[in-house]
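Just so we're clear, the structure is a prediction, and the values are computed from it rather than from any experiment.
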Amino acid sequence: MDIYEGYTVKKHTEKINISNEIVYRTKKRTFIKDFICLDTETSHQCIYNTDGSLDKEKSKTWIYQWALCNENDIVYGRYPSDIVNVYQKLIEQLELSKFCTLITYIHNASYDLSYLLPFFIKAWGIPKIIAIENHHIISATFEEVGLQFRCSYKLSNKSLAKWSNDYNTLHKKLEGYVDYNKIYYPSEPLDNKNWMYQFNDVIVLRECLLAQMSAFNHQTNNIPLTSTGYIREKVYKSYQLYNDNNYGRARSEFRENEIDRALYTNMRREQAGGITHGNRHIVNKTIRTDNKHFIKHRDFESHYPTQEIIHTYPIGKWYTWFDGLIQKQPSVNTIMGLSKKNCLLIKCIITNLELKDKKEALPFAQYSKFNIECKKGTKFTVDNGRILSMQGTTVVTLTDIDFFILCKQYNFKVKFIKIYTSKRGSLPVWLTDVIKQLYADKTNYKRKVKEIENTKGICEELYQAKIELHIVKALLNAIYGMSASDLVREEYTIDYIGKWSINEDTKKTDHYIEKELHKYYKGFKNCMRLEWGLWCTSWARYELYTEYWNITTGFNGKCEKGFFLYADTDSIFYISNDSLEKEMELNNARKKKESLENGWYTILNDGSKHTFNSFEDENDDIQAFRYTHAKCYALELGKEHKLQCTIAGVPERILTKDGKWYTRHEELKNINNLNDDMIFEKCGGTSCTYINHEIENININGHIVETAGGGIIRKTTKSVSVLKVFDC
């Protein structure tokens, strides 16, 4: 099929056929209903210093090819100044202004805009930037001329290839069409392959966006900026319905539970993710088992949603229960007793921390947290980011759950500085109802996909079921993301050459934090509390440790012990035996019974109850396991001993010059090759260096290019020893 079918291909000098139909956000604010998809292709000339580093002053970058499309046309050109001219015509043609906006999507907008922003700024002034951090753009808006450029990657959290596969779009990304090692110039003719690749990218992007907009019933006036926007909308509707039906109760409770600057600061200090760590006693050793023992891999089904349903959280106003400046120190037993009915946020001084068991394989204390405010001269013994011992003094903030785990694993002296309390209870029903419904949808679609695969094989119905499954999984997982989002965001600005800086007015001063917190709790559509994210991950860590203790103690002597190998957030690899696995399944049965008794389940389409809180066998048939550091391990699977590896920073696969895929396990070749000195060359990945300078037209090797800086992506080699993920 002709990839251009339905589109008219035009040069940048021709008029674009785009409708001026608008959709309303407010009476004054409108959006053009159609949208633009833009993509560029770039080249660079790298100049290196004598030490091998990139010379940012002498190195040059440029765009050699670009294309954009809307509903009707594909428009193409070679120079960035031509893109500006196209948009200038669209501004006039569509009568764009601060009251009427045209949206343009770019996949990984930060990269393309690093080339384009100086040209745009020269034409339309400094844009309003929404960004996560430097060079992580969500949107750039030129308000006066009604142009908004958005990052579609931030909307999808997927590569264009995966996004199109997930939605089964008509067109797919043409991988392997362009040789990125070759230098291209805008004055040189390009062959059909280059143009097919360029045009196809914008067509695929448009099809992905249309599929996603259709799935969520959105148009350009209400589509969110990022993927979390979808779940925010869903949660807010549930919150608002509950609020309306309960005389404004949800809204008043939210406002009453506003946190102050001190609480916010301590919560941000405590905030942490999942436990990712391996047994230091087996580093760089290939583990195989005998006939009586075997390697198992289990993980929690929907780990974070489970914690949100089965556990308790801070639901009341926060109070300072203890202040070390004016009160006598409480005992640890008093703290533990207090935590039965209250959630505690504990700021304390820890002195001389040491593991109770010197052979402990999964130490809890996180070096990056304990090293923030430690006394000068404090010394740490650290295993891949986890503390084995600490001689000296440090200040940390912990939830009551994390404090319990710390007490169970370590000997230490503690002096409490502040202890904050909030009434303990279940999350509000307006939130748990959404979680349960999404959990039901996820399970229903998983069953439907399996049923279709078994009866009909690959068909359109299967693709549609997979699309729905992808959507609900993303929504379910995004609920935690809502609760973990920072309530106080710094804003970024750029100058006329595209150089980034933090807006001085938004730096996290005490005054700014207080102002933004008050603004957040007054916000009509805000309903999530930061502390819920803290307790969710604390409970997730606790549940992981509970299963770790079950494995390593044989359920406190009920069966033969297992041997811990590796854990990552919601999963554990371990050496097991028949009696341990029998007890594991009995424990799952107990969890299921408890869930049914407490209402921790959802109702599926067939009327059955599907419970939360299970630690499932992945049935991987693991023949061998080897661990080097966090996020770096390899497996042999099945009778064929098929090699599989997970290595942070090393792409799962790369596309070679001849258009064939090459995987990291192919480069690893043998499980025993996974060591600190292993270097990945083919699958080493890439690095990006951004350079900034004024717009100039220069001659490079006889070719005139327009340049104003940009991102230089270079292929790199990666050594396993320098990829250590210390804290996850």
Side-chain angles (χ1 to χ4, degrees), residues 107-108 111 153 157-166 172-181 273-274 276-280 282-288 295 297 299 384-385 565-573 618-689 713-728:
H107 213 62
N108 192 10
Y111 178 78
Y153 180 80
N157 282 332
K158 298 173 184 176
S159 69
L160 191 57
K162 178 167 175 48
W163 200 11
S164 64
N165 286 334
D166 285 350
K172 302 291 190 294
K173 186 170 176 62
L174 299 175
E175 297 175 300
Y177 262 54
V178 176
D179 181 3
Y180 281 105
N181 296 312
T276 303
H277 200 75
N279 189 334
R280 67 185 183 280
I282 60 157
V283 169
N284 292 334
K285 294 178 182 178
T286 300
I287 305 299
R288 300 183 188 277
I295 299 172
H297 174 207
D299 72 2
N384 202 194
L565 298 174
Y566 180 81
D568 187 352
T569 308
D570 65 349
S571 67
I572 300 178
F573 292 89
E618 291 296 286
N619 295 308
D620 288 332
D621 192 14
I622 301 170
Q623 302 296 315
F625 178 92
R626 188 179 181 92
Y627 157 77
T628 298
H629 57 72
K631 302 285 188 184
C632 184
Y633 62 89
L635 310 169
E636 286 181 7
L637 301 176
K639 293 179 180 179
E640 300 81 12
H641 292 262
K642 183 179 178 182
L643 185 62
Q644 185 182 92
C645 58
T646 296
I647 303 166
V650 177
E652 183 178 355
R653 60 178 191 163
I654 58 102
L655 199 61
T656 58
K657 288 183 181 180
D658 58 3
K660 295 181 180 179
W661 288 105
Y662 188 75
T663 63
R664 62 190 174 203
H665 64 259
E666 287 178 300
E667 186 162 7
L668 182 60
K669 293 180 181 177
N670 188 292
I671 193 169
N672 295 321
N673 291 335
L674 187 63
N675 292 293
D676 286 337
D677 58 359
M678 173 67 192
I679 297 175
F680 287 86
E681 295 181 351
K682 289 184 179 180
C683 293
T686 59
S687 66
C688 185
T689 303
I713 296 177
R714 292 173 291 163
K715 188 172 174 55
T716 61
T717 61
K718 290 185 179 176
S719 169
V720 168
S721 63
V722 299
L723 294 174
K724 291 187 177 181
V725 180
F726 284 101
D727 292 294
C728 303

Checklist entry - Just by modelled atom types, is the A630 backbone N or O under 3.5 Å from a matching donor or acceptor in the N384 side chain? => result yes

Checklist entry - With a cut-off of 6.0 Å (strictly less than), are more than 12 heavy atoms of other residues, nucleotides or ligands near NZ of K715? => result yes

Checklist entry - If you look at every heavy atom in C688 and I713, which pair is closest and at what distance? => result SG-CG1, 4.0 Å

Checklist outcome for this item: Here the gap from S159 atom OG to Y153 atom OH, rounded to the nearest 0.5 Å, amounts to 7.5 Å

Checklist entry - Atom NE2 of H297 and atom CG of D621: how far apart are they, to the nearest 0.5 Å? => result 14.0 Å

Next on the checklist: Nearest 0.5 angstrom please: K285 NZ to I282 CD1, how far?
Outcome noted: 8.5 Å

Next on the checklist: With rounding to the nearest 0.5 angstrom, report the CD1 to CD distance, I287 to E636.
Outcome noted: 12.0 Å

Checklist entry - According to the interplanar angle, ranging from 0 to 90°, do the rings of F573 and F625 count as parallel (below 30°), tilted (30 to 60°) or perpendicular (above 60°)? => result tilted

Checklist entry - Between C645 and L674, is any pair of side-chain heavy atoms under 4.5 Å apart? => result no

Checklist entry - Taking the side chain from D620 and the backbone from I622, do they hold a donor-acceptor pair closer than 3.5 Å? => result no

Checklist entry - If you look at every heavy atom in V283 and T628, which pair is closest and at what distance? => result CG1-O, 3.7 Å

Checklist entry - What's the verdict on side-chain contact (heavy atoms from CB on, under 4.5 Å) for V720 and H629, showing C-alpha distance, side-chain angles and the deciding distance? => result CA-CA 9 Å; V720 168; H629 57 72; 3.7 Å; yes

Checklist entry - For the residue pair K173 and S164, what are the closest heavy atoms and their distance? => result N-OG, 4.2 Å

Checklist entry - Within the side chain of Q644, is there an N or O that forms a donor-acceptor pair under 3.5 Å with the backbone of H665? => result no

Item to check | Atom of D568, atom of K631 and distance for their closest heavy-atom approach | outcome: OD2-NZ, 3.0 Å

Next on the checklist: Tell me if a side-chain donor or acceptor on K718 pairs with a main-chain N or O of G649 at a distance below 3.5 Å.
Outcome noted: yes

Checklist entry - How many angstroms lie between OG1 in T717 and CD in E681, if you round to the nearest 0.5 Å? => result 6.5 Å

Checklist entry - Is there a donor-acceptor pair under 3.5 Å between the side chain of R664 and the backbone N or O of V650? => result yes

Checklist entry - Do any N or O atoms from the side chain of H277 and from the backbone of G385 form a donor-acceptor pair under 3.5 angstrom? => result no

Checklist outcome for this item: Looking only at heavy atoms, the pair that brings T569 and G274 closest together is OG1-CA, 4.0 Å

Checklist entry - Should the heavy atoms of other residues, nucleotides or ligands under 6.0 Å from CD of E652 be counted, would the total exceed 12? => result no

Checklist entry - Quick one: are Q623 and I671 in side-chain contact, heavy atoms under 4.5 Å? => result no

Checklist outcome for this item: For R626 and T286, the nearest pair of non-hydrogen atoms, with its separation, is NH1-OG1, 2.7 Å

Checklist entry - For the side chain of N673 and the backbone of L668, is there at least one donor-acceptor N/O pair under 3.5 Å apart? => result yes

Item to check | side-chain contact (heavy atoms from CB on, under 4.5 Å), paired with Y566, selected from N279, I572, T276 | outcome: T276

Checklist entry - What is the distance from atom NZ of K682 to atom CD1 of I654, rounded to the nearest 0.5 Å? => result 7.5 Å

